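Quick caveat: nothing in here was measured; it's all calculated off a predicted structure. In what follows, every heavy atom counts, from backbone to side chain, and hydrogens, waters and symmetry copies are set aside. Proteins get letters first, then strands, A, B, ... in listed order; numbering begins at 1 in each.
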Number of protein chains: 2
Amino acid sequence: MIETFELVAKATADPSRVRILKLLAAGELCVCQITTVLALAPATVSKHLAALKAAGLVQQRRDGRWAYYRLAERQLNPYAARFLAMVGDCLGDDPTIAEDRRLLALVRAVPLQVLCAQGRSALSPAATPTLRQDAPCPTE
Amino acid sequence: MIETFELVAKATADPSRVRILKLLAAGELCVCQITTVLALAPATVSKHLAALKAAGLVQQRRDGRWAYYRLAERQLNPYAARFLAMVGDCLGDDPTIAEDRRLLALVRAVPLQVLCAQGRSALSPAATPTLRQDAPCPTE
DNA sequence: GTGTCATTTCGCCAAACGGCGAAATGTGTT
DNA sequence: AACACATTTCGCCGTTTGGCGAAATGACAC
């Protein structure tokens, strides 16, 4: 059905959601890690992840208080794999994506408990622009 | 740039525009032919075609009063070819697309001058649901 | 049970969007 | 120049969407 195509096409047509998919390409992430890199409100990230999940592009698991998301492995939407492949093949040299990756490396280097307590200020001081602070998260 | 990706991604995330691209895959079409198949207002089709053109997915030529659109041959947007390929590979069995193709064959069988004068009523009577009538167009 | 924490849902807001009719534009005919 | 025709642009309208803060929910610790 064209509506199925539309669902996943619309999910990948938003820049924030594309950035999330590119981050997840490096492996499973906790919501707060995505929140820190994208510098968006947790509510916003949660809404975006819900849209990606509904489109069959990502899967979720819970571990206590924490929610982890990863790129979909199972075929949940007939077009999901095609769109994921295309997103994966594109934007390899995009500056926004490159900056996100740089921040993600920093984020992964910080124990999540510290990251969640301090948000971006937990990262190397010279590494981050002045942006919103967020809530804590546990050790990975 | 991610904005370039976004432009073409958004252009292909609308069902009407996907239907237009699938119609154009069969060859160049005049605006009124697309209008007749999609049963949309000419203004709406024109707006959609403008978005596809801005995204580098289609090209236009004029012939007197008439405007023809075709899928882009030149690389006008770094992601256009990828998206066109994907749209081309998908929805092969979609009922909406199949119906559009059926109507297109009928539309192509009618001289454009007749088509433009009578709109859908120029098609075989048993072939079309009761829908809007549109303005005329010339012999192809 | 109470309080803390991470996430999700809800409601609001401004912006974007797809549809339409009307007006404007460009082309062709007389 | 006036008129007809095909298309495009404009403006309106209702709907959708991405952002946020606040409230709700679920998990954990005491």
Starting at [atom1] of [X], measure out to [atom2] of [Y] and round the result to the nearest 0.5 Å.
{"X": "A:Met1", "Y": "B:Ile97", "atom1": "CE", "atom2": "CD1", "result": "10.5 Å"}
{"X": "B:Leu57", "Y": "B:Leu24", "atom1": "CG", "atom2": "CG", "result": "10.5 Å"}
{"X": "B:Glu3", "Y": "A:Thr96", "atom1": "CD", "atom2": "OG1", "result": "6.0 Å"}

note = Checking C:dT8, D:dT7, D:dG21 against the side chain of A:Ala41 (C-beta onward), the nearest is D:dG21
inquiry  = I want to verify a distance call: between C:dT8, C:dC20, C:dT7, whose nearest atom is closest to the B:Leu40 side chain?
reply    = C:dC20
inquiry  = Among residues at least two apart in sequence or on other chains, which ones pass salt bridge (Lys or Arg N to Asp or Glu O under 4.0 Å) with A:Glu73?
reply    = A:Arg70
query = Who are the side-chain hydrogen bond (donor to acceptor under 3.5 Å, both in side chains) partners of A:Lys10, not counting sequence neighbours?
reply = A:Glu6
remark   = Exactly one candidate in A:Val107, A:Val18, A:Leu38, A:Leu103 meets side-chain contact (heavy atoms from CB on, under 4.5 Å) with A:Leu23; the answer is A:Leu38
query = Quick one: does A:Lys22's side chain have a donor or acceptor within less than 3.5 Å of a partner on A:Cys90's backbone?
reply = yes
key: Polar side-chain atom of A:Thr35 near backbone of A:Val31 as donor-acceptor pair, under 3.5 Å   = yes
key: Phosphate OP1/OP2 of D:dT7 contacted by B:Gln60 side-chain N/O (<4.0 Å)   = no
ask   = Does D:dA6 have OP1 or OP2 sitting under 4.0 Å from an N or O in the side chain of B:Tyr69?
value = no
key: A:Asp89/B:Arg82 ion pair, N-O < 4.0 Å   = yes
query = So which of residues 1-9 of chain A are in contact with DNA chain C, with a heavy-atom cut-off of under 4.0 Å?
reply = none
Review item, nucleotides 15-18 of chain D N/O atoms under 3.5 Å of protein N/O:
residue : atom : partner : partner atom : Å
D:dG18  : OP1  : A:Arg17 : NH2          : 3.0
D:dG18  : OP2  : A:Arg17 : NH1          : 3.3

Separation of [X] atom [atom1] from [N] atom [atom2], in whole Å?
{"X": "B:Ile20", "N": "C:dG18", "atom1": "CD1", "atom2": "C1'", "answer": "12 Å"}
{"X": "B:Arg19", "N": "C:dG18", "atom1": "CZ", "atom2": "P", "answer": "14 Å"}
{"X": "B:Leu38", "N": "D:dT7", "atom1": "CG", "atom2": "P", "answer": "14 Å"}
{"X": "A:Ile34", "N": "D:dG19", "atom1": "CD1", "atom2": "P", "answer": "14 Å"}

Whether over 12 other heavy atoms sit under 6.0 Å from B:Arg74 CZ = no
ask   = What residues, two or more places apart in sequence or in another chain, satisfy ring-ring contact (aromatic ring centres under 6.0 Å, His included) together with B:Phe5?
value = B:Tyr79, B:Phe83
query = Base, backbone or nothing for each nucleotide of nucleotides 24-30 of chain D, written B, S, -, heavy atoms under 4.0 angstrom, 5' to 3'?
reply = --BBB--
inquiry  = Categorize A:Ala43 for me: base, sugar-phosphate, or nothing, with a 4.0 angstrom heavy-atom threshold over every strand shown.
reply    = base
